[in-house]
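What follows is one structure encoded as structure tokens, with my remarks underneath.
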Amino acid sequence: MRIQPARIARFLGVRLLSSAIVLLGVLVVVFALIQLVPGDPVRLALGTRYTPEAYEALRAASGLDRPLWEQFFGYLGSAVTGDLGVSFRNGQPVTTTLLERLPATVSLAVVGLLIALVIAIPAGIWSALREGRVSDLVVRLTSQFGVSIPDFWLGMLLISLFSVTLGWLPASGYAPLTEDPARWLRQVTLPGLTVGLVAGAIMTRYIRAAVIDVASSGYVRTAVSKGLSPRVVTFRHIVRGALVPVLTIAGIQLATILGGVVVVEVVFAWPGLGRLVYEAVAARDYPLIQGAVLLVAVMFIVVNLIVDALYAVADPRIRVS
Amino acid sequence: MSQRTAFGAAILVVSLALAGCSAGEGVDIGDSTGASGDRTLVAAIGGEPDQLDPQKTSSYFSFEVLENVFDTLVEPDENLEMQPALAESWEVSDDQLTWTFTLRSGVTFHDGSAFTSEDVVYSYDRIIDEQLSNAWKFSSVTDVAAPDDSTVVITVAQPTPNLLSNLGGFKGMAIVEQANVESGDITTAPVGTGPFSVSEYTSGDHITLTANPDYWGGAPALGGVEYRFISEPATAIAALKAGDIDWTDVVPAQQVTDLESDDALNLGVTPSSDYWYLALNEAKAPWNDVRVRQAIAYAIDRDAILQAVSYGTAAENQLAIPEQSVWYTSYDGYSTDLDKAKALLDEAGFTGGTLDMLATSDYPETVTAAQIIAANLEPLGISVEIRQPDFSTWLDEQNSGNFDMLMMGWLGNIDPDDFYYSQHHTDGTSNAQKYSNPEVDELLDSARVETDQATRKDLYGQAATIIADEASYIYLYNPSVIQAWSPSVTGYETRADRAIRFRETTLAD
């Protein structure tokens, strides 16, 4: 493979710089949006009955009585050092909370993506190579069904089958992979399947389209006309050529799942980032919202970076530039 | 993640999946080893506590856990009457201004340190000095002192018959440990004197409590309680039926009838001391006209609202206090009567208009009720525009008086003062509807300091009747507390105040 380390380093440098600018933009927008959204975190934290003194005391303790610019630059200053402030609701450092939730999100995303790939790659290729036949139609209809199915409904269906009727797998709960791998696996299976089946259906359609596209391209026709066997043409040329679009959609799907599959997390009571953000928004927990959005943005950038790097590996025609 | 580690993870997942399948074991039902005293009950609650500092949180999810971790000076029994807890007994001086509490001896905190009167003084001073959200409960208190290790003296500015329910009505007034507060650990690893101590907290997933063998009320029968956070009712019920969990209060009202006939679980349904109401903004015309408010009270179909929001599990009520309370006053001034409603509107010279109804998506019953109310008011020429922001925005709108009518509930009240004073007194802190009647003010002021229970009940009865007659609040219903648990759970009772107490609970095999 023709990969030049110096070029990759420069490429990474440029990307890191632009990433930093993107993150700054994300911060500004999130900060501004939070100010525009109605709802007072102090009032929400105090409940329905409190004295005016209690209100002022909590407002001052949360730093909300300071001018906006001071709040923003104070936040920015500490964010650079990795200090994302403390949650309004429980006073815990935001960074700690996010890092606690990250493993659950990453395990669900990785398992979901693997299940999706295991389904989508064979189904997509198979369907594309049989374009127009009944088997292609069956795959297309099935994937259409999978795309249209609401994920909470699929989740409930899996729970009622595997938890209630068969009693094979728990309906909820989470154990870290590092602490109890067997239990982790049993608990990640149903939410992972829910995420994976939906993502797999979406990816099947992309992969099928990509393979059809490559199969009709000039270099494949050349390969066929050179007299190469169908197997070689399929696997060395078509599938390899379709890798780039597959990587792209896999990256997008992975980043989406990492960003939070709120509904699936709610159904399976999964302690991931999606539910955390949902709860933080409901509670107007500004520091936690800002921190979580920042983390999701970082994950999107990192996934994109990895996908870009893999392009070069997958397709030698793409030059690092 | 590099390609290689991704590949490694894939291999790991696949091999683990195979291992898991071939093992073919049943669903893990928590810690099921050993004698019944070692067993851990798994309880699913609807959300994660925001924090475990009882004096700072206002989240019910926190109190579901903290009820079993902390104690108050006194506490309500199942009839919501105050009983000794950390205080063994108490005396009130003849002038009603000095309350002397004698503390239980030999009580220790979970970390082994002794509980003394200084802890009570520290806990109460913290609420007052830091102006925490419960500071209003001490509004008549002028001093909290500890003359010796087992005595606490509370001095009040005027007779305060509801002092006991203010001190013990809920765990927000819990006695905390100074060291635990000052280290900051209290938010995630609180130290109390209660029947269980917090042993493990995994953010987003569960909190585990371990039985306190030295609990002053006797060691609990359970070895511990694990709380899991499941917000989706269908998941919670599925988990209960599958044996993943032993107890839950995440029960959809529409399933109560089905679940009642299900042998796989027990259901607890108890009328609560919460109430739901409508309030019209009296700072705005035409809602400042008592006849217009009464017309709305006559036009709404309470029974239809109650069926739609609770599937018949709630109890209709035209005043705030539920029937089973000793403070209950009977009142049935309103019935659905469109003719009377129209006559009242004609009298008031009302010729139709729109009503801005503030509901909130965070409490779906407000939205459901609003839709029925909209249909009820249509024949009167009132078109209801329903808004349903989230609760945070709802609070802002309520506070700034930006509504014509709203629906909300009051939760966890015990003393009649909690049901009426802040909501209907001219200077009440929660009087968002701007109701003002000097007669009601006087009744509420005198009831607040009246020490004779019968006279006090009579004063509140009078005030409540005027409040309902003038439709300061249009009361709708008292909802039920609905909980479900496995048949192997015994010694648990559903309580009207929604306190979740596992200290007497046992778990059979």
Side-chain angles (χ1 to χ4, degrees), chain A residues 37-41 43-54 56-58 89-92 97 100-101 104 110-111 114 152 156 159-160 163-164 167-174 176 181-186 189 266-272 275-276 279 281-284 306 310 313, chain B residues 1 3 6 9-10 12-13 16-17 19-20 23 26-28 44 47-48 50-53 57-58 130-136 139 184 187-188 202-206 228-232 234-236 238-239 241-245 362 389-393 395-397 399 408 410 422 429-430:
Chain A
V37 174
D40 180 345
R43 196 163 287 138
L44 200 59
L46 289 173
T48 41
R49 203 169 165 186
Y50 52 85
T51 60
E53 293 79 18
E56 289 309 323
L58 186 56
R89 293 166 75 209
N90 59 19
Q92 293 298 301
T97 307
E100 274 170 6
R101 293 298 186 96
V110 169
V111 171
L114 284 175
F152 71 89
M156 295 311 318
I159 287 177
S160 75
S163 301
V164 181
W168 288 355
L169 293 163
S172 68
Y174 167 77
R183 192 164 157 208
W184 169 82
L185 183 75
R186 294 163 50 75
T189 306
V266 167
V267 167
F268 290 96
W270 194 256
R275 224 168 95 215
L276 184 72
E279 286 160 7
V281 170
R284 297 291 188 277
I306 293 172
L310 289 179
V313 182
Chain B
M1 191 184 280
Q3 245 183 331
L12 184 64
V13 166
L16 285 173
V27 172
D28 188 9
E48 181 172 4
D50 56 354
Q51 59 165 312
L52 298 178
D53 182 339
T57 182
S58 64
E130 293 185 26
Q131 282 295 320
L132 302 182
S133 58
N134 299 316
W136 62 270
S139 59
T187 55
T188 52
T202 303
S203 165
D205 192 54
H206 69 271
R228 295 207 190 130
F229 322 131
I230 301 180
S231 57
E232 175 56 45
T235 308
K241 287 183 176 175
D244 285 356
I245 62 170
D362 286 345
D390 64 17
F391 190 48
S392 182
T393 313
L395 284 168
D396 269 3
E397 296 289 274
N399 210 51
M408 196 30 74
W410 273 87
S422 76
T429 47
S430 304

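Sequence lines set the chain letters: A, B, ... in the order given, protein chains first and strands last, and positions in each chain run from 1.
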Whatever's closer than 4.5 Å to a heavy atom in chain B on A:Glu56 counts as neither
When you compare the side chain of B:Leu395 with that of A:Leu44, does any pair of heavy atoms fall below 4.5 Å? yes
Bottom line for A:Arg43: the part with an atom under 4.5 Å from chain B's heavy atoms is both
Under 4.5 Å to a heavy atom of chain A? For B:Thr235 that would be both
dist B:Glu232:CD -> A:Ile159:CD1 (nearest 0.5 Å) comes out at 8.0 Å
Okay, A:Ala57 and chain B: the region with an atom under 4.5 Å from a heavy atom over there is side chain
A:Arg275 vs A:Phe268 side-chain heavy atoms within contact, under 4.5 Å: no
Cut-off 4.5 Å, heavy atoms of chain B, and the answer for A:Glu53 is both
Cut-off 4.5 Å, heavy atoms of chain A, and the answer for B:Ser430 is side chain
So, the part of A:Ser172 with a heavy atom under 4.5 Å from chain B: the answer is both
Scanning both residues in full, the closest heavy-atom pair of A:Ser163 with A:Pro170 reads OG-C, 3.6 Å
Interface check, chain B: of A:Thr189, A:Thr51, A:Val281, A:Asp40, most non-hydrogen pairs under 4.5 Å belong to A:Asp40
To the nearest 0.5 Å, atom OH of A:Tyr50 lies from atom CG of A:Leu58 at 10.0 Å
Cut-off 4.5 Å, heavy atoms of chain B, and the answer for A:Leu276 is neither
One should read off an interatomic distance between B:Ser203 OG and A:Gln92 CD, to the nearest 0.5 angstrom, of 9.0 Å
Cut-off 4.5 Å, heavy atoms of chain A, and the answer for B:Glu397 is neither
Applying side chain to side chain donor-acceptor pair (under 3.5 Å) to A:Thr97 and not counting sequence neighbours gives none
Bottom line for B:Asn134: the part with an atom under 4.5 Å from chain A's heavy atoms is neither
Bottom line for B:Leu132: the part with an atom under 4.5 Å from chain A's heavy atoms is backbone
Under a 3.5 Å threshold, yes or no: a donor from one side chain and an acceptor from the other, between B:Thr393 and A:Arg284?
yes
If one checks every heavy atom of B:Asp205 against chain A at 4.5 Å, the contacting part turns out to be both
In terms of heavy-atom pairs under 4.5 Å with chain A, the winner among B:Asn399, B:Ile230, B:Thr57, B:Asp390 is B:Asn399
Hits for side chain to side chain contact (heavy atoms under 4.5 Å, CB included) against B:Ser58, two or more places apart or cross-chain, chain-then-number order -> none
